[in-house]
Amino acid sequence: MRVCLTVAYDGTNYHGWQLQPNGITIESALNQALSDLLGETITVTGASRTDAGVHSLGNVAVFDTNTKIPAEKISYALNQRLPEDIVIQESREAAPDFHPRRCRSKKTYEYRILNRRFQDPTKRRNTHFYHYALDVKRMREAAQYLVGEHDFKSFCSVHSAAETTVRTIYSLKITKEDDVIAICISGSGFLYNMVRIIAGTLILVGNGTIDPKKIPDILDQKDRSAAGPTAPACGLTMLGIEFDGE
């Protein structure tokens, strides 16, 4: 039986999703808890390999098992074995050939910025604190140039091994509630550090360093140094994934 999990986590204390030789990851915690629960060696496959410190409300993982436990009941038992900063939101049976990284999907991320004079300690784990005033109107103007299909090489880490840097952004919305600015972005897929580089670039737009109309030129340069810095991981949360046919 192939089981699909919807996984939420606070990534603060983890070295990202993917297995690492010298650090605890979300994947290693899931593998250990599932193997202990089901009495067999389990290896999960995740839809998105989030970086160290990045959070999720709806990452997706699958695994194969011979257990007689109904798929929808596994979440309850698994949550009893996981640390409190990882919680399975749903478990269900999936098609035997379902693979979360090999089918068309829409992924949605949110980058949160706390924009005020002093840090709010209750928001430090899931927002990036930035004390210089940001102009949300300028940020929204810049964001519109990123929507659609583009070559995002300028917004990709130089360490990426992607075969192509062309991606499609379906929507990019920026909202502000009180002193928290939220950048919500949905796309067909994202390159290594792409969302955090977009956030870092929009922050420079908001503080007046980059003109919003320069975004097309940054895209055209296809040069990582043309875009802004990679914003800190703590502000990024994967909101969820929608798969074609679901």
Side-chain angles (χ1 to χ4, degrees), residues 48 50-55 106-120 123-240:
S48 181
T50 52
D51 295 337
V54 173
H55 317 297
K106 179 175 78 171
K107 298 179 181 179
T108 302
Y109 286 86
E110 181 179 73
Y111 195 89
R112 290 163 50 91
I113 304 161
L114 179 63
N115 193 210
R116 65 200 298 260
R117 184 177 298 178
F118 297 111
Q119 170 69 288
D120 178 345
K123 294 184 173 70
R124 73 189 188 281
R125 294 172 75 94
N126 69 344
T127 59
H128 166 44
F129 171 59
Y130 190 84
H131 71 276
Y132 294 107
L134 294 174
D135 186 330
V136 174
K137 184 178 179 181
R138 286 172 56 90
M139 296 170 71
R140 288 173 178 153
E141 181 184 349
Q144 68 178 335
Y145 295 110
L146 295 169
V147 177
E149 183 180 88
H150 303 284
D151 188 330
F152 284 96
K153 189 172 183 178
S154 294
F155 295 88
C156 174
S157 168
V158 295
H159 301 296
S160 172
E163 294 181 2
T164 175
T165 49
V166 174
R167 295 291 187 274
T168 301
I169 291 180
Y170 302 129
S171 66
L172 206 175
K173 299 177 181 178
I174 302 173
T175 58
K176 184 174 184 181
E177 184 174 348
D178 296 327
D179 46 21
V180 175
I181 298 170
I183 301 168
C184 187
I185 181 169
S186 295
S188 60
F190 296 95
L191 299 161
Y192 185 38
N193 284 344
M194 179 174 160
V195 178
R196 289 166 59 192
I197 295 169
I198 286 175
T201 304
L202 291 176
I203 288 171
L204 292 189
V205 171
N207 72 16
T209 301
I210 295 178
D211 188 298
K213 295 181 176 60
K214 291 290 186 182
I215 297 298
D217 181 56
I218 292 174
L219 285 166
D220 289 342
Q221 288 188 55
K222 299 180 179 63
D223 182 349
R224 173 66 189 91
S225 64
T230 305
C234 63
L236 184 60
T237 299
M238 164 178 270
L239 298 185

Heavy-atom check, side chain of Tyr145 versus side chain of Lys213, under 4.5 Å: yes
Interatomic distance, Glu177 atom CD to Asp179 atom CG [nearest 0.5 angstrom]: 10.0 Å
From Thr50 atom OG1 to His55 atom NE2, the distance as rounded to the nearest 0.5 Å: 10.0 Å
Atom OH of Tyr170: over 12 foreign heavy atoms under 6.0 Å: yes
Shortest non-hydrogen contact between Tyr111 and Pro232, atoms and distance: OH-O, 2.7 Å
Neighbour count >12 (heavy atoms, 6.0 Å) for atom NZ, Lys153: no
OG1 on Thr164 to CZ on Phe152, rounded to 0.5 Å: 11.5 Å
Within-4.5 Å side-chain heavy-atom neighbours: Phe190 and Ile185: yes
Under 3.5 Å: donor-acceptor pair, side chain of Gln221, backbone of Ile218: no
Whether His128 side chain and Gly200 backbone form a donor-acceptor pair below 3.5 Å: no
Donor-acceptor under 3.5 Å (Asn115 side chain, Tyr130 main chain): yes
Donor-acceptor pair, side chain of Ser154 and main chain of Asp223, under 3.5 angstrom: yes
Among Val166, Thr165, Ile197, side-chain contact (heavy atoms from CB on, under 4.5 Å) partner for Leu191: Thr165
Met139 CE to Thr175 OG1 distance, which is reported to the nearest 0.5 Å: 10.0 Å
Validation row: Met194, Ile169 side chains within 4.5 angstrom (heavy atoms): yes
Heavy-atom pair of closest approach, residues Ile174 and Arg140: O-NE, 2.8 Å
For Ile210 against Arg138, the heavy-atom pair lying closest together: O-NH2, 2.8 Å
Arg124 side, atom CZ; Gln119 side, atom CD - distance, nearest 0.5 Å: 8.0 Å
Enclosure of Lys214 NZ (heavy-atom neighbours >12, cutoff 6.0 Å): no
Pairwise side-chain contact, Ile183 with Leu172, heavy-atom cut-off 4.5 Å (strictly under): yes
Heavy-atom side-chain proximity of Arg112 to Asn126 below 4.5 angstrom: yes
Beyond-backbone contact of Leu134 with Asn207, side-chain heavy atoms, under 4.5 angstrom: yes
Distance-minimising heavy-atom pair for Cys184 and Leu239: SG-CD1, 4.1 Å
For Ser186 against Thr108, the heavy-atom pair lying closest together: OG-OG1, 2.7 Å
Within 6.0 angstrom of Lys173 NZ, more than 12 heavy atoms from elsewhere: no
Within-4.5 Å side-chain heavy-atom neighbours: Thr209 and Ile203: no
Any donor-acceptor N/O pair, Asp178 side chain to Val180 backbone, under 3.5 Å: no
Phe155 and its side-chain contact (heavy atoms from CB on, under 4.5 Å) partner, picked from Thr230, Val195, Leu219: Leu219
Minimal non-hydrogen separation, Arg224 against Pro229, with atom names: NH2-C, 3.7 Å
